[in-house]
There are 2 protein chains.
Amino acid sequence: MEAPANVVNLRRRQRGERDPVRTREAILETATQEFAAKGLNGARVDTIAKRSRANKRMIYHYFGDKAGLYLAVLEKTYAAIRMAEIGLQLSDRDPVDGMKQLVQFTWNYFIQHPEFLSLLGTENLHRARYLKQSRRIRELHSPLIDMISKLIERGVRIGVFRPDVDAVQLYITIAALGFFYLSNRHTLSTIFGRELDTPERLATRGRHIEEVVLGYLRP
Amino acid sequence: MEAPANVVNLRRRQRGERDPVRTREAILETATQEFAAKGLNGARVDTIAKRSRANKRMIYHYFGDKAGLYLAVLEKTYAAIRMAEIGLQLSDRDPVDGMKQLVQFTWNYFIQHPEFLSLLGTENLHRARYLKQSRRIRELHSPLIDMISKLIERGVRIGVFRPDVDAVQLYITIAALGFFYLSNRHTLSTIFGRELDTPERLATRGRHIEEVVLGYLRP
DNA sequence: TCTGCAAGTAACCGATCGGTTACTAATGCA
DNA sequence: TGCATTAGTAACCGATCGGTTACTTGCAGA
């Protein structure tokens with residue numbers, strides 16, 4: 001009995017046994033965690049090798065070098081959020097409802113994908129040096145901008161949104177409101193002396209973000 | 001002729017000549033740039049020594065180790081923003097004007113102090129490990145929270161602000177709107193294919209942030 | 001003016017870590 | 001079935017880098 005191709009084998013690989021797809025996948029997944037937790041400079045190739053149960057040599061075999069592995073992680077992470085965004089189906093009745101859905105989608109995606117937030121921070125520390133190398137990511141535009149544009153247009157037409165709202169600015173704003181809270185929760189919670197990532201506090205923040213965006217958009 | 005005490009001597013120090021205040025200060029300033037540019041792991045002690053024209057041994061003399069130097073940089077940077085915040089004098093007439101001033105102050109401070117944004121990111125990558133060690137920083141609360149509370153209170157009383165606004169949430173929101181744009185400008189500008197830090201674009205973002213905050217606060 | 005201590009210098013060291021060498025062996029296909 | 005290909009292993013290597021050693025020297029206060 002063999003597992004079908006393209007499906008990752010969950011059984012623990014025996015010494016010497018080959019499974020290139022799974023090995024590559026395991027390295028990539030472990031590397032995502034490691035780069036997200038430690039940044040590009042803090043991440044250790046040996047740690048990734050050990051935790052993914054792959055030989056260090058395999059990392060160089062599949063990804064060339066540490067930077068190549070990091071770039072692969074970045075591409076996978078960006079591709080994942082773009083895929084999720086494409087899957088977002090907004091209510092086509094009320095633009096107010098549609099905007100709420102979009103805002104909550106973004107907030108929930110950030111909560112569920114802390115590795116995306118961390119890698120974004122790391123990549124910016126490096127002045128987007130790696131992202132600039134990836135034609136694939138550069139061309140992977142967010143569909144949210146278009147969705148926001150259309151929502152604004154419809155909302156303005158039926159008089160529920162203010163005019164003269166820039167879709168790109170609003171896109172940045174919606175991301176910003178969630179990103180800052182989650183990305184800086186360690187320093188913020190230390191200074192405020194209270195946890196920020198309990199389910200209640202996260203829900204409270206989610207409501208606030210929605211109120212800010214929708215409050216702003218009122219005519 | 002000697003320079004008075006506590007005033008940093010600008011003349012280039014000669015070999016062997018002593019000036020402990022200036023040496024310490026030069027190391028701290030250079031370290032701030034280095035840690036902001038490269039993060040804690042990417043920063044190089046030798047680079048800091050060379051650029052500050054101090055002997056590497058002096059870094060260990062004054063700050064113990066690399067982490068001690070980083071903590072000193074963090075403390076200095078936090079103290080600086082708190083000092084600036086304390087110096088902020090808001091219009092005591094119109095709460096709308098007061099809030100605009102507070103929002104623009106925050107935005108301008110972030111533009112003028114990119115090292116603060118970067119260090120904040122670095123510190124959060126390290127899960128606030130160093131900030132937690134500093135009693136000084138932990139007790140250095142932002143006066144902005146209080147200012148926001150009072151502005152909201154007055155604004156609600158005279159009917160220009162909506163009720164039920166949480167001051168801490170709004171504080172986080174005001175910081176978020178500026179932080180995200182500036183901190184992630186490298187990835188954002190790569191994907192949008194346009195510069196984000198020209199004076200015009202910065203002014204546009206500043207206006208947007210103000211509109212979002214004041215738009216939201218309307219009753 | 002003497003002197004103890006802090007400030008300063010240069011050379012060095014050992015651990016870490018990204019990357020490589022040299023090799024073995026499983027696998028798919030001619 | 002045999003063989004080229006490529007997955008996989010283990011041991012190793014050299015550069016980097018945080019930190020130290022061993023020493024010298026300027027200078028404030030006795």
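Each chain gets a letter, A, B and so on, in the order the sequences are listed, and its residues count up from 1.
Atom C1' of nucleotide D/dG18 and atom CG of A/Asn41 are separated by 15 Å, given to the nearest angstrom. Counting to the nearest Å, the P atom of C/dA6 and the CZ atom of B/Arg24 are 15 Å from each other. A straight line from CZ of B/Phe63 to C1' of D/dG18 spans 16 Å, rounded to a whole angstrom. Remark: P of C/dG8 and CZ of B/Arg53 are 15 Å apart, rounded to the nearest angstrom. Per the geometry, NZ belonging to B/Lys50 stands 15 Å off C1' belonging to C/dA11, to the nearest Å. Distance B/Tyr70 OH to D/dC17 P: 19 Å, rounded to the nearest Å. The CG atom of B/Asp65 sits 14 Å away from the C1' atom of D/dC17 (whole-angstrom rounding). What separates CE of A/Met58 from C1' of C/dG19 is a distance of 14 Å, to the nearest Å.
Residue A/Lys66 places no side-chain atom within donor-acceptor reach of the base of C/dG19, judged by atom type and a 3.5 Å distance cut-off alone.
As judged by a 4.0 angstrom heavy-atom cut-off over every strand, A/Tyr62 is placed among residues touching the sugar-phosphate backbone only. Note on B/Ala43: only backbone sugar-phosphate atoms sit closer than 4.0 angstrom, heavy atoms only; bases stay farther off.
When distances run from any side-chain atom of B/Arg57 to the nucleotides D/dT9, D/dT21, D/dG19, the shortest one goes to D/dT21. Nearest to the side chain of A/Tyr60, among D/dG19, C/dG18, D/dC17, sits C/dG18. Residue B/Lys56 has its side chain nearest to D/dG19 when only D/dG19, C/dA10, C/dG18 are considered.
The shortest distance between the side-chain N/O atoms of B/Arg44 and the OP1/OP2 oxygens of D/dG18 is below 4.0 Å. Distances shorter than 4.0 Å separate none of the side-chain N or O atoms of B/Thr23 from OP1 or OP2 on C/dA7.
Side chain to side chain, A/Arg205 and B/Thr173 meet the donor-acceptor criterion of an N or O pair below 3.5 Å. A donor-acceptor pair shorter than 3.5 Å cannot be found between the side chains of B/Thr187 and A/Glu123.
Under the salt bridge (Lys or Arg N to Asp or Glu O under 4.0 Å) criterion, A/Lys38 pairs with no residue at all, not counting sequence neighbours. The salt bridge (Lys or Arg N to Asp or Glu O under 4.0 Å) test applied to B/Glu34 returns B/Arg51, not counting sequence neighbours.
B/Phe180 pairs in a ring pair (Phe, Tyr, Trp, His ring centres under 6.0 Å) with only one of the listed residues (A/Phe110, A/Tyr171, A/Phe179), which is A/Phe179.
Of the residues near DNA chain C, B/Pro20 and B/Asp46, the one whose nearest nucleotide (by heavy atom distance) lies more toward the 5' end is B/Pro20.
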